[in-house]
Chemist: 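This is the structure, below, for whatever I ask next.
The structure displayed is predicted, hence computed values, not measured ones.
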Amino acid sequence: MIEDIARVLTAGPALVLTGAGMSTDSGIPDYRGPDGTRRVTPMHYSEFVGSSEARQRYWARSFVGWRRFHAARPNISHHPVTRLQQLGTVGPLITQNVDGLHRAAGTREVVELHGNLVEVVCLTCGARIDRPTLDARMAMDNPGFDVDSDEIRPDGDVRLDSVDVERFRTPTCHECGADTLKPDVVFFGGAVAKPLVQHCYDPVDTAPSLLVLGSSLQVMSGLRFVRHAAKRGIPVSLITRGPTRGDDLVDHRVDGELGDSLRSLVEELSAARL
């Protein structure tokens, strides 16, 4: 099947769509187990905007989780994608991940469909601040908050006891003073901005093929592009572990370890150029 996918990619640079499975080898788990069952439910957007208590809970958990999340580095799945770009067999990349690891691996033309945790925006006045700067401010505002956790979630937070959450001082906007700072990412229950969705549809229409990596396609934000490609007769290849919501839409399917499969794909395409 890797040989079949390689042949598809030789027809021209494929558009790539990636999900949480790309980052598991970097220590950032995906949302679902091998059977597709959700392991954790992240904070819902309506809950976050609904109360100061919810925002306090989010930021306390995120403050602890950020240390490990921010330390994550690209893995054996990210680097082959960059190499495939260098070989000219893949082109732009759309990712559902918010960890910035594709860019860190040197991949170009990356569209972060759900945003990036490194950016924070005030929902009241629109002011923006980068996460490392905000993290330093939170550390100053919460001296002695030395809670630790071995856990990390796909959205960068952790579980904390309520006694720890209640003593955490929620960050406020440096411009308007409101406690409505939010990572500039799409929360569970939120929606990707329509202009960005259309921006992603355009390369689907022009790509010779679509290559999906590390995604179960359980949410519509990614599945819609696979449906669109299939409807237009654009070949779709998919590499990930376990069943996906788009299995009936793809032309070539590899159920296996992403890193090993991508390494084999790079070897196959490198050999074809010799």
Side-chain angles (χ1 to χ4, degrees), residues 15-24 26 28-31 40-50 54-55 58-59 61-63 65-66 68-74 78 81 92-105 107-135 138 152-158 171 173-175 178-204 212-225:
L15 175 67
V16 181
L17 172 68
T18 70
M22 286 292 304
S23 298
T24 54
S26 294
I28 301 174
D30 52 15
Y31 284 107
V40 295
T41 299
M43 180 172 287
H44 200 281
Y45 176 75
S46 61
E47 181 183 8
F48 182 89
V49 300
R55 292 189 288 275
Y58 173 83
W59 282 112
R61 301 189 313 195
S62 182
F63 178 70
W66 174 254
R68 293 187 63 206
F69 191 90
H70 189 52
R73 293 295 178 264
H78 294 101
V81 174
L93 181 145
I94 301 169
T95 184
Q96 298 170 274
N97 300 338
V98 297
D99 51 39
L101 293 180
H102 280 298
R103 295 183 188 274
T107 303
R108 297 171 288 104
E109 298 182 81
V110 176
V111 176
E112 293 171 320
L113 189 63
H114 294 164
N116 191 314
L117 280 176
V118 79
E119 297 290 336
V120 179
V121 62
C122 177
L123 298 179
T124 299
C125 72
R128 305 182 75 85
I129 186 172
D130 66 271
R131 179 56 191 268
T133 299
L134 180 63
D135 194 63
M138 288 191 288
I152 188 68
R153 295 184 181 186
D155 50 1
D157 69 348
V158 297
C173 176
H174 61 288
E175 293 290 341
D179 73 338
T180 52
L181 291 177
K182 172 188 169 293
D184 195 15
V185 299
V186 178
F187 271 38
F188 185 66
V192 180
K194 290 184 178 179
L196 181 56
V197 173
Q198 185 56 52
H199 177 71
C200 293
Y201 272 128
D202 292 341
V204 175
V212 183
L213 304 172
S215 177
S216 64
L217 299 173
Q218 291 296 321
V219 295
M220 186 54 66
S221 63
L223 179 63
R224 60 182 148 201
F225 301 121

Chemist: Would you say L101 and S26 make side-chain contact, with heavy atoms under 4.5 Å?
Modeler: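 SC-SC contact between L101 and S26 confirmed.
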Chemist: Does S215 have any side-chain contact (heavy atoms from CB on, under 4.5 Å) partners at least two apart in sequence or in another chain, and if so, which?
Modeler: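 S215: side-chain contact (heavy atoms from CB on, under 4.5 Å) contacts with Q96, V212, L217.
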Chemist: Can you list everything that forms a side-chain hydrogen bond (donor to acceptor under 3.5 Å, both in side chains) with D135? Sequence neighbours excluded, please.
Modeler: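 Once residues adjacent in sequence are excluded, D135 has no partner under the side-chain hydrogen bond (donor to acceptor under 3.5 Å, both in side chains) criterion.
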Chemist: Any side-chain heavy atom of C173 sitting closer than 4.5 Å to one from C125?
Modeler: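 Touching, per the 4.5 Å side-chain cut-off.
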Chemist: Apply side chain to side chain contact (heavy atoms under 4.5 Å, CB included) to residues K182 and Y45 and explain how you reach the verdict.
Modeler: CA-CA 10 Å; K182 172 188 169 293; Y45 176 75; 3.7 Å; yes
Chemist: Could you pull out all residues at least two apart from A178 that satisfy side-chain contact (heavy atoms from CB on, under 4.5 Å)?
Modeler: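 Here the qualifying residues are T124, C176, T180.
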Chemist: Identify the heavy atoms of T95 and N97 that sit nearest to each other, and give their distance.
Modeler: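 Looking at all heavy atoms of both residues, the closest pair is OG1-N, 3.0 Å.
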Chemist: Output yes when a side-chain donor or acceptor of R128 lies under 3.5 Å from a complementary backbone atom of G126, and no otherwise.
Modeler: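 Not at all, since once roles are kept as given, no pair shorter than 3.5 Å links the two residues.
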Chemist: What pair of heavy atoms forms the shortest contact from L113 to S221, and how long is it?
Modeler: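 Shortest heavy-atom separation between L113 and S221 comes out as CD2-O, 3.4 Å.
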Chemist: Donor-acceptor pair, T24 side chain versus G21 backbone, under 3.5 Å?
Modeler: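 Present.
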Chemist: May I ask you to test the S62-R131 pair for a side-chain heavy-atom distance under 4.5 Å?
Modeler: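 Yes, close enough: below the 4.5 Å cut-off.
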Chemist: Indicate yes or no: at least one non-hydrogen side-chain atom of S46 is less than 4.5 angstrom from one of F188.
Modeler: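 They are not in contact (no side-chain heavy atoms under 4.5 Å apart), so the answer is no.
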Chemist: Give the intermediate values and the outcome of side chain to side chain contact (heavy atoms under 4.5 Å, CB included) for residues V98 and E112.
Modeler: CA-CA 7 Å; V98 297; E112 293 171 320; over 6 Å; no
Chemist: Less than 4.5 Å apart, any side-chain heavy atom of T107 and any of H78?
Modeler: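 T107 vs H78: side chains apart.
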Chemist: Could you tell me which residues satisfy side-chain hydrogen bond (donor to acceptor under 3.5 Å, both in side chains) with R55, sequence neighbours excluded, listed by chain and number?
Modeler: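 Checked R55 against side-chain hydrogen bond (donor to acceptor under 3.5 Å, both in side chains); matches are S52, D179.
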Chemist: Do other residues, nucleotides or ligands put more than 12 heavy atoms under 6.0 Å from the NE2 atom of H199?
Modeler: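 Check fails, neighbour count at 12 or below.
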Chemist: Can you check whether L134 reaches W66 side chain to side chain, under 4.5 Å on heavy atoms?
Modeler: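 No. Closest side-chain heavy atoms not under 4.5 Å.
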Chemist: Could you list the residues that satisfy ring-ring contact (aromatic ring centres under 6.0 Å, His included) with Y201, not counting sequence neighbours?
Modeler: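 For Y201, the residues satisfying ring-ring contact (aromatic ring centres under 6.0 Å, His included) (neighbours in sequence not counted) are F225, H228.
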Chemist: Excluding sequence neighbours, so at least two apart, what forms side-chain hydrogen bond (donor to acceptor under 3.5 Å, both in side chains) with R224?
Modeler: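 None.
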